[in-house]
Visitor: 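After the structure tokens below, expect a handful of questions from me.
Remember, predicted model here, so these are calculated numbers, not experimental data.
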Amino acid sequence: MPPPTSLKSRDARLGIVVVDDHPMVRECLAEVINGEPDLWVCGEAEDRAQALDVTLRTRPRLVIVDLRLKRSHGLELIKDLKAMHPGVRILP
């Protein structure tokens, strides 16, 4: 088992928010991302409202957005993210 990650070393890694309405997809993406030494999933969301909230709280450098969300469309979320967090990179 690897040693626990300190807060300082997490700060040096690229924080990513994963937005997808399927829990298994979020879980698999998080597992792959967290396996990389310079990346970590700092938040997850299943819809637009959760994504906006978690992005505001965690201040990620990248948001991965599924374009087909159950209660909203990913393109609308992307527009909102760009307006509210212009420095955040977005991967649709």
Side-chain angles (χ1 to χ4, degrees):
M1 178 178 274
T5 305
S6 72
L7 184 58
K8 186 173 183 179
S9 65
R10 273 197 167 180
D11 289 345
R13 296 173 7 173
L14 180 80
I16 299 172
V17 167
V18 177
V19 183
D20 196 296
D21 53 347
H22 296 92
M24 196 175 334
V25 171
R26 290 193 312 270
E27 183 180 316
C28 289
L29 279 173
E31 186 174 328
V32 170
I33 292 167
N34 289 330
E36 296 297 319
D38 55 343
L39 306 174
W40 71 291
V41 173
C42 60
E44 297 180 18
E46 69 177 27
D47 60 27
R48 179 184 167 276
Q50 286 181 1
L52 294 174
D53 178 59
V54 76
T55 301
L56 180 64
R57 286 186 292 108
T58 63
R59 304 282 185 194
R61 300 255 321 270
L62 173 68
V63 180
I64 299 174
V65 178
D66 180 13
L67 295 180
R68 296 182 187 191
L69 301 172
K70 286 183 182 173
R71 293 183 279 276
S72 62
H73 197 281
L75 290 177
E76 292 302 317
L77 171 59
I78 291 170
K79 289 178 191 176
D80 292 340
L81 288 170
K82 285 184 177 188
M84 297 170 71
H85 307 282
V88 173
R89 293 183 177 157
I90 301 167
L91 179 65

Visitor: Is Asp47 reaching over with its side chain to a backbone N or O of Arg71, donor-acceptor style, under 3.5 angstrom?
Guide: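 Side chain of Asp47 to backbone of Arg71, a donor-acceptor pair under 3.5 Å: no, none is there.
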Visitor: Please find the pair of heavy atoms, one from Cys42 and one from Pro60, that lie closest to each other, and give the distance.
Guide: SG-CB, 3.7 Å
Visitor: Look up atom CZ in Arg13 and atom CG in Asp38, then write down how far apart they are to the nearest 0.5 Å.
Guide: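 With rounding to 0.5 Å, CZ (Arg13) is 8.5 Å from CG (Asp38).
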Visitor: So do the side chains of Ile16 and Leu62 get within less than 4.5 Å of each other, counting heavy atoms only?
Guide: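 Yes, close enough: below the 4.5 Å cut-off.
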Visitor: When clusters are formed from ILVMFWY side-chain contacts under 4.5 Å, directly or step by step, what else is grouped with Leu69?
Guide: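 The other cluster members (ILVMFWY side chains, heavy atoms under 4.5 Å, direct or chained) are Val17, Val19, Leu52, Val54, Val63, Val65, Leu67, Leu75, Leu77, Ile78, Leu81, Met84, Val88, Ile90.
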Visitor: Check step by step if side chain to side chain contact (heavy atoms under 4.5 Å, CB included) holds for Lys70 and Glu46.
Guide: CA-CA 8 Å; Lys70 286 183 182 173; Glu46 69 177 27; over 6 Å; no
Visitor: Ala51 and Ala45: which non-hydrogen atoms are nearest, and at how many Å?
Guide: N-CB, 3.3 Å
Visitor: Taking the side chain as every heavy atom from C-beta outward, state whether Leu56 and His85 have any pair of such atoms under 4.5 Å apart.
Guide: yes
Visitor: Side chains of Ile33 and Ile64: does their closest heavy-atom pair fall under 4.5 Å?
Guide: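 Yes, their side chains come closer than 4.5 Å.
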Visitor: To the nearest 0.5 Å, what is the distance between CE (Met24) and CD (Glu27)?
Guide: 7.5 Å
Visitor: Which heavy-atom pair separates Ser72 from Arg48 by the least distance, and what is that distance?
Guide: OG-CB, 3.3 Å
Visitor: The criterion is side-chain contact (heavy atoms from CB on, under 4.5 Å); which residues satisfy it with Val25, sequence neighbours excluded?
Guide: Asp20, His22, Leu29
Visitor: Excluding sequence neighbours, so at least two apart, what forms side chain to side chain donor-acceptor pair (under 3.5 Å) with Arg59?
Guide: none
Visitor: Counting distance only, does the side-chain N/O of Asn34 pair as donor-acceptor with the main-chain N or O of Val41 below 3.5 Å?
Guide: yes
